**Q** 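Before anything else, here's the structure in question.
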Amino acid sequence: MGTPNKNENKGGFFSAMTSGFSMFSSAMHRSVNGLLGYEGVEVINPEGGKEDAEEEAQRGRWQQEERDSYWKMMQKYIGSDITSMVTLPVLIFEPMTMLQKMAELMEYSYLLDQADECEDPYMRLVYASSWAVSVYFAYQRTWKPFNPILGETYELVDHGGITFISEQVSHHPPMSAGHAENEHFTYDVTSKLKTKFLGNSVDVYPVGRTRVTLKRDGVVLDLVPPPTKVNNLIFGRTWVDSPGEMVMTNLTTGDKVVLYFQPCGWFGANRYEVDGYVYNADEEPKILMTGKWSESLSYQPCDSEGEPLPGTELKEVWHIAETPAKDEFQYTYFAHKLNSFDTAPKKLLASDSRLRPDRWALEKGDLSKAGAEKSSLEEKQRTEKKNREAKGDNFKPKWFDMTDEVTTTPWGELEIYRFNGKYTEHRNTVDTSDAIVLDDVQSIEFNPWQYGNLSEE
């Protein structure tokens, strides 16, 4: 439903995806497989170059012996969900956890502020959907974030007036819950990523529910993002694509925006492109949207056929912020802030992701220590689970409560966790007179199994 039917075969930025290279790309993929000697391994060049297939296959972060060893280990998992069942080498990780990754959606939160202030119901969806698209520039990073430990948390303050808290609420299956709030909106998410390992790629299905409530009018927005595919995990240059539809629905009025993320074609055709429409409750297009999730988004009023209204022009609604040049992990400036204690509350929970010793070691460039600390944390988690089960205790999240609600997503059912408000009470009662001394951060023990602020640990 990304575009009205009459535009499906038209040119311009709403042209349909071409398929002229399909036979060629299939033959090229088979030739790469034959050269490598591995069946079912697809190697794609995201830059659209015409290099020899074998040369392209040899690119990437892996040494030859590492590729062969990792391939032998991972073959048995083809077709499986590997979200938490596989121990992965630390060299493919970035110094960030999935809980912090959830917070990256807050970088351009000013767009939600604008949506709340906007009186036009269709422009409200333009702002809000642009906010949802904006995070995909960060999502293109090819490094894997750490899986959170059960009970791990992440807190963010001092950004756009926002207070953000996320928590790992389940280990099997891995599930996270998050809540953010400022004077304009509240944001609530329950996330249970599902993956499918395909040999040299992984499909990531965003099983989850994302709701944004705009405070001025009480409007509730529901977001369903597209799936993501991580290509060339072992052979070739790793890159990320998110082809498919993103749908944001105003549950209060029935209006919606449908944006289509174009799949990257052979020779890089259509990479990054996003286009679609804002529709009213009768599914009539009102505003067209177009752009690239790696650069910017623009909008323009349209008629009932999806054509731009005479006398109007495209106007930019969002543009990517300046990013660091040649950053080791492709981080934005905001991503660096997520690891900084400058965006942490004065009294940080000892369960916070910033304090993880493996994440900290990787950030400092010590891969050996990061790997050892990661293994140690995983062993502690297994021991904690064993002891808990021996006592007949069940884990209960601190800041989110499991509800009886189960919602259906395009990729499976999801149990919903709800923010219980205890965190707000906690922050309002904590004595913030003593700040964390940054020089002493490494001496603070990461403890996701016991709650309280650092002065009480």
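Computed from a prediction, not measured in an experiment: that's the story for all the values here. What's counted below: heavy atoms across the whole structure, side chains too, no hydrogens, waters or symmetry copies.
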**Q** Would you call D358-R356 a salt bridge at under 4.0 Å N-O?
**A**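 Here D358 pairs with R356 in a salt bridge, since their nearest N and O are under 4.0 Å apart.
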**Q** Atom CD in E415, atom OG1 in T190: separation rounded to 0.5 Å?
**A**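 If we round to the nearest 0.5 Å, E415:CD and T190:OG1 are 9.5 Å apart.
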**Q** Measure from the ring center of F334 to the ring center of H159 and say whether it is less than 6.0 Å.
**A**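 Here the rings of H159 and F334 have centres that are less than 6.0 Å from each other.
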**Q** Could you measure the distance from the CE atom of M402 to the OH atom of Y417? Nearest 0.5 Å is fine.
**A**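 Rounded to the nearest 0.5 Å, the CE-OH separation comes to 4.5 Å.
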**Q** To check you understand the geometry: which heavy-atom pair defines the closest contact between F400 and I165, and what is its length?
**A**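 The pair with the smallest heavy-atom distance is CZ-O, 3.7 Å.
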**Q** In terms of heavy-atom contacts, does CD of E379 have more than 12 from other residues, nucleotides or ligands at under 6.0 Å?
**A**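 Yes, enclosed.
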**Q** Is there a side-chain contact between Y333 and D327, using heavy atoms and a 4.5 Å cut-off?
**A**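 SC-SC contact between Y333 and D327 ruled out.
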**Q** Apply side chain to side chain contact (heavy atoms under 4.5 Å, CB included) to M96 and E363, showing your working.
**A** CA-CA 9 Å; M96 181 181 288; E363 185 178 16; over 6 Å; no
**Q** Test N182 against every option in D113, D116, T163 by the side chain to side chain donor-acceptor pair (under 3.5 Å) rule and name the one that passes.
**A**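 Only one of D113, D116, T163 forms a side chain to side chain donor-acceptor pair (under 3.5 Å) with N182, namely D113.
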**Q** Taking the side chain as every heavy atom from C-beta outward, state whether K380 and F446 have any atom pair closer than 4.5 Å.
**A**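 K380 does not reach F446 side chain to side chain.
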**Q** Atom OG in S130, atom CE in M289: separation rounded to 0.5 Å?
**A**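 Reported to 0.5 Å precision, the distance equals 3.5 Å.
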**Q** Between the main-chain N or O of K398 and the side-chain N or O of N420, is there a donor-acceptor pair closer than 3.5 Å?
**A**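 Looks like yes, one N/O pair under 3.5 Å.
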**Q** Are the side chain of K192 and the backbone N or O of E413 linked by a donor-acceptor pair below 3.5 Å?
**A**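 Confirmed, K192 side chain pairs with E413 backbone.
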**Q** With side chains defined as the heavy atoms from C-beta onward, is the minimum distance between E117 and Y127 less than 4.5 Å?
**A**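 The answer is no, as the side chains (C-beta and beyond) never meet within the 4.5 Å cut-off.
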**Q** Taking the six-membered ring for Trp and the full ring for Phe, Tyr or His, determine whether the centres of W399 and H179 are under 6.0 Å apart.
**A**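 No, they do not, as the ring centres are separated by 6.0 Å or more.
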**Q** Distance from H336 atom NE2 to L338 atom CG, nearest 0.5 Å?
**A**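 Reported to 0.5 Å precision, the distance equals 10.0 Å.
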**Q** Does Y187 reach the side chain of S109, with side-chain heavy atoms less than 4.5 Å apart?
**A**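 A side-chain contact is absent here, since even the closest heavy-atom pair is not under 4.5 Å.
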**Q** Is a donor on one side and an acceptor on the other found under 3.5 Å between the side chain of D222 and the backbone of T249?
**A**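 Side chain of D222 to backbone of T249: no pair is present.
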**Q** Testing the basics here: between P225 and W411, what is the closest heavy-atom pair and its distance to 0.1 Å?
**A**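 Scanning both residues, the minimum pair turns out to be O-CH2, 3.1 Å.
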**Q** How far does CG of L99 sit from CG of L156, to the nearest 0.5 angstrom?
**A**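 Taking CG in L99 and CG in L156, the distance rounds to 12.5 Å.
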**Q** For A370 versus V90, what's the shortest heavy-atom pair and its separation?
**A**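 Shortest heavy-atom separation between A370 and V90 comes out as CB-CG2, 3.9 Å.
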**Q** Salt bridge between R124 and D255, side-chain N to carboxylate O under 4.0 Å?
**A**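 No salt bridge links R124 with D255.
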**Q** Any heavy-atom pair between the side chains of K229 and S201 that's under 4.5 Å?
**A**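 Yes, their side chains come closer than 4.5 Å.
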**Q** Please determine if K101 and E94 form a salt bridge, counting it only when a charged side-chain N lies under 4.0 Å from a carboxylate O.
**A**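 Judged by the 4.0 Å cut-off on N to carboxylate O distance, K101 and E94 do form a salt bridge.
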**Q** Pick one: which of F93, Y331, F329 meets ring-ring contact (aromatic ring centres under 6.0 Å, His included) with W143?
**A**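 When ring-ring contact (aromatic ring centres under 6.0 Å, His included) is applied between W143 and each of F93, Y331, F329, only F329 qualifies.
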**Q** For A115, is there any backbone N or O sitting under 3.5 Å from a side-chain donor or acceptor partner on R216?
**A**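 No; judged by distance alone, with no hydrogens or angles, the pair does not exist.
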**Q** For S298 and E316, what are the C-alpha separation, side-chain angles and deciding distance, and is it a side chain to side chain donor-acceptor pair (under 3.5 Å)?
**A** CA-CA 4 Å; S298 299; E316 188 175 83; 5.0 Å; no
**Q** If you take all heavy atoms of H171 and L150, which pair is closest and at what distance?
**A**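 Closest approach of H171 to L150: N-CD1, 3.7 Å.
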**Q** List the steps, then state whether side chain to side chain contact (heavy atoms under 4.5 Å, CB included) holds for K315 with Y299.
**A** CA-CA 5 Å; K315 293 183 178 180; Y299 69 94; 3.8 Å; yes
**Q** Is there side-chain contact between K386 and T383, with heavy atoms separated by less than 4.5 Å?
**A**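 No, too far: nothing below the 4.5 Å cut-off.
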**Q** Please check if the distance between the ring centroids of Y108 and W131 is under 6.0 Å.
**A**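 No, they do not, as the ring centres are separated by 6.0 Å or more.
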**Q** Compare all side-chain heavy atoms of L367 with those of L362 and state whether any distance is below 4.5 angstrom.
**A**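 Yes, at least one pair of side-chain atoms sits under 4.5 Å.
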**Q** Quick check: do S294 and F137 have side-chain heavy atoms less than 4.5 Å from each other?
**A**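 Yes - at least one pair of side-chain heavy atoms lies under 4.5 Å apart.
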**Q** Can you name the residues that form a salt bridge (charged side-chain N to carboxylate O under 4.0 Å, His left out) with E322, not counting sequence neighbours?
**A**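 Once residues adjacent in sequence are excluded, E322 has no partner under the salt bridge (charged side-chain N to carboxylate O under 4.0 Å, His left out) criterion.
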**Q** Which atom names give the shortest non-hydrogen contact between D342 and S340, and what distance separates them?
**A**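 Distance-wise, the nearest heavy atoms are N-OG, 2.9 Å.
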**Q** I would like to know whether E152 and R359 meet salt bridge (Lys or Arg N to Asp or Glu O under 4.0 Å); could you show each step before the answer?
**A** CA-CA 13 Å; E152 185 175 333; R359 189 213 65 77; over 6 Å; no
**Q** Do the rings of Y139 and Y136 sit parallel, tilted or perpendicular, given the 30° and 60° boundaries?
**A**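 If you compare the ring of Y139 with that of Y136, the planes turn out perpendicular.
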**Q** Quick test of your reading of the model: are E104 and R141 salt-bridged, counting only N-O distances below 4.0 Å?
**A**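 Yes, charged N to carboxylate O under 4.0 Å.
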**Q** Do L221 and L125 pass the side chain to side chain contact (heavy atoms under 4.5 Å, CB included) test, and can you show the C-alpha distance, the side-chain angles, and the key distance before you say yes or no?
**A** CA-CA 9 Å; L221 306 177; L125 283 172; 4.0 Å; yes
**Q** Checking side chain to side chain donor-acceptor pair (under 3.5 Å) against E384, which of Q381, R388, R382 comes through?
**A**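 Testing each of Q381, R388, R382 against E384, the sole residue satisfying side chain to side chain donor-acceptor pair (under 3.5 Å) is R388.
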**Q** Counting only N and O atoms by type, is there a donor-acceptor contact under 3.5 Å from the side chain of D352 to the main-chain atoms of E155?
**A**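 Present.
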**Q** How long is the span from the CG atom in L414 to the OG1 atom in T409, to the nearest 0.5 Å?
**A**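 Interatomic distance, L414 CG to T409 OG1, rounded to 0.5 Å: 6.5 Å.
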**Q** Go through it in stages, so that I can follow the logic: the residues are S242 and T228, the test is side chain to side chain donor-acceptor pair (under 3.5 Å), and I'd like the CA-CA distance, side-chain angles, deciding distance and then a yes or no.
**A** CA-CA 4 Å; S242 297; T228 293; 2.9 Å; yes
**Q** Counting only heavy atoms from other residues, nucleotides and ligands, does the tally under 6.0 Å from NZ of K385 exceed 12?
**A**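 Open: at most 12 neighbouring heavy atoms sit under 6.0 Å from NZ of K385.
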**Q** For the pair Q100 (side chain) and M102 (backbone), establish whether a donor and an acceptor sit closer than 3.5 Å, ignoring hydrogens and angles.
**A**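 No: the side chain of Q100 does not pair with the backbone of M102.
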**Q** Kindly give the heavy-atom pair with the smallest separation between L259 and V274, and that separation in Å.
**A**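 Answer, listing the atom of L259 first, then V274: CB-CG1, 3.9 Å.
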**Q** With no hydrogens and no angle check, is any side-chain donor or acceptor of R418 less than 3.5 Å from a backbone partner on D401?
**A**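 Answer holds: no.
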**Q** We want to know whether Q168 and S176 form a side-chain donor-acceptor pair, criterion being a heavy-atom distance below 3.5 angstrom.
**A**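 Q168 vs S176: donor-acceptor pair found between side chains.
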**Q** Applying side chain to side chain donor-acceptor pair (under 3.5 Å), run through S353 and T97 and close with a yes or a no.
**A** CA-CA 7 Å; S353 296; T97 72; 2.9 Å; yes
**Q** I'd like to know if the side chain of T343 reaches the main chain of K337, judged simply by a donor and an acceptor atom lying under 3.5 Å from each other, with no hydrogens or angles considered.
**A**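 Confirmed, T343 side chain pairs with K337 backbone.
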**Q** Using side chain to side chain contact (heavy atoms under 4.5 Å, CB included), reason through L377 and F146 one step at a time and then give a plain yes or no.
**A** CA-CA 11 Å; L377 275 180; F146 287 96; over 6 Å; no
